Amino acid sequence: MEKESPPEDTAVLNQTRPAGLSRSAWLTGGMLIMSIAIAAIAVFMFAGIGDGSTPASTKAASTTPGDVSAAEADPQALSSARIFLNRVDASDWDGSWEVAGTLFQTQVSAAEWAERVEPVRAPLGAAKSRKLTNVQRASSLPGVPEGEFQILQFRTDFAGREGDAIETVVMMQGESGWEVNGYFIA
């Protein structure tokens, strides 16, 4: 009695296409998730994120030497940041670019700024409340020339988002005073 041999598999394995998402979709999704995770870590590292009602002397010991209470923010830096934020709240992308600092304006054109900020900020809707929660001072930040910086963080309640967002405005001392040179939402 002759043994029957198993049927031959005629599929050519190197010509099959995997089911599901393509490699580029996985790569893009992974990069997006990693970017969000890095941004969240950076926000929490920069801020002793609280509600702003706790005095600096009772903050957790994890704050860095450059952290100061929200009450100690430079009034001119805070005023410049609020002017910028008011323009962003009004969807006045060109106006917010115009009141931003020189470094900001040399890094991105007004049209590029509008392209980048509108899809992120517009869906959040109106700012129902905004409270300064943390100020950090620094003399250097990655990717920018050395200088005098204040990183202002606001806890903001937006109409189109559940839960508060953290808005970070990076201020740099310029020739005409404190200038907005960075804006981030987490």
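If you're wondering where the values come from, they're calculated on a predicted model, not measured in any experiment.
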Check your understanding: According to the interplanar angle, ranging from 0 to 90°, do the rings of Phe84 and Trp113 count as parallel (below 30°), tilted (30 to 60°) or perpendicular (above 60°)?
Key -> tilted
Exercise for review: Would you mind checking if Asp89 and Arg121 are paired as a salt bridge, meaning a charged N to carboxylate O distance below 4.0 Å?
Suggested key: yes
Practice item. Return yes if some donor-acceptor pair links the side-chain N/O of Arg87 with the main-chain N/O of Asp92 below 3.5 Å, else return no. Key: no
**Study point:** Shortest non-hydrogen separation from Met171 to Ala77 and the atoms involved
**Key:** CE-O, 3.4 Å
Exercise for review: For residues Glu167 and Phe184, determine if any side-chain heavy atom of one lies less than 4.5 Å from a side-chain heavy atom of the other.
Suggested key: no
**Study point:** Smallest separation among heavy atoms of Met172 and Glu146, with atom names
**Key:** CE-O, 4.2 Å
Review point. Does the side chain of Val169 come within less than 4.5 Å of Ile151's, by heavy atoms?
Key: no
Revision key, fill the gap. Taken to the nearest 0.5 Å, the spacing of Ser96 OG from Leu85 CG works out to 9.5 Å
Point to revise | Leu103 side chain near Val144 side chain, heavy-atom distance below 4.5 Å | key: yes
Check your understanding: What distance separates Glu118 CD from Ser91 OG, expressed to the nearest 0.5 Å?
Key -> 7.0 Å
Review point. Closest approach of Val180 and Ala81, non-hydrogen atoms and distance?
Key: CG2-CA, 4.2 Å
Practice item. Kindly determine whether Thr168 and Tyr183 satisfy side-chain contact (heavy atoms from CB on, under 4.5 Å), including the steps that lead there. Key: CA-CA 6 Å; Thr168 303; Tyr183 175 67; over 6 Å; no
Check your understanding: Ignoring hydrogens and geometry, is there a side-chain-to-backbone donor-acceptor pair from Thr133 to Gln153 under 3.5 Å?
Key -> yes
Check your understanding: Ala114 and Pro119: which non-hydrogen atoms are nearest, and at how many Å?
Key -> O-CD, 4.2 Å
Check your understanding: Can you check whether Ser109's main-chain N or O pairs, donor with acceptor, with Glu112's side chain at less than 3.5 Å?
Key -> yes
Revision key, fill the gap. Between the NZ atom in Lys131 and the CG atom in Asp157, the distance rounded to the nearest 0.5 Å is 13.0 Å
**Study point:** Distance (rounded to the nearest 0.5 Å) between Thr106 OG1 and Asn181 CG
**Key:** 8.0 Å
Check your understanding: Taking atom CZ of Arg137 and atom CD of Gln150, what is their separation to the nearest 0.5 Å?
Key -> 4.5 Å
Practice item. Please assess Leu132 against Leu152 for the test side-chain contact (heavy atoms from CB on, under 4.5 Å), listing each intermediate value before the final yes or no. Key: CA-CA 7 Å; Leu132 181 65; Leu152 308 178; 4.0 Å; yes
Check your understanding: Roughly how far, to the nearest 0.5 Å, is OG1 of Thr156 from CD1 of Ile166?
Key -> 7.5 Å
Practice item. Measure from the side-chain N and O atoms of Ser80 to the backbone N and O of Trp178, and report whether any donor-acceptor pair falls under 3.5 Å. Key: yes
Check your understanding: Should Asp164 and Phe158 be marked as a side-chain contact (heavy atoms from CB on, under 4.5 Å) after you check the CA-CA gap, both sets of side-chain angles, and the distance that decides it?
Key -> CA-CA 7 Å; Asp164 292 343; Phe158 289 108; over 6 Å; no
Point to revise | Full working for side-chain contact (heavy atoms from CB on, under 4.5 Å) between Leu78 and Arg82 | key: CA-CA 6 Å; Leu78 186 56; Arg82 289 194 187 279; 3.9 Å; yes
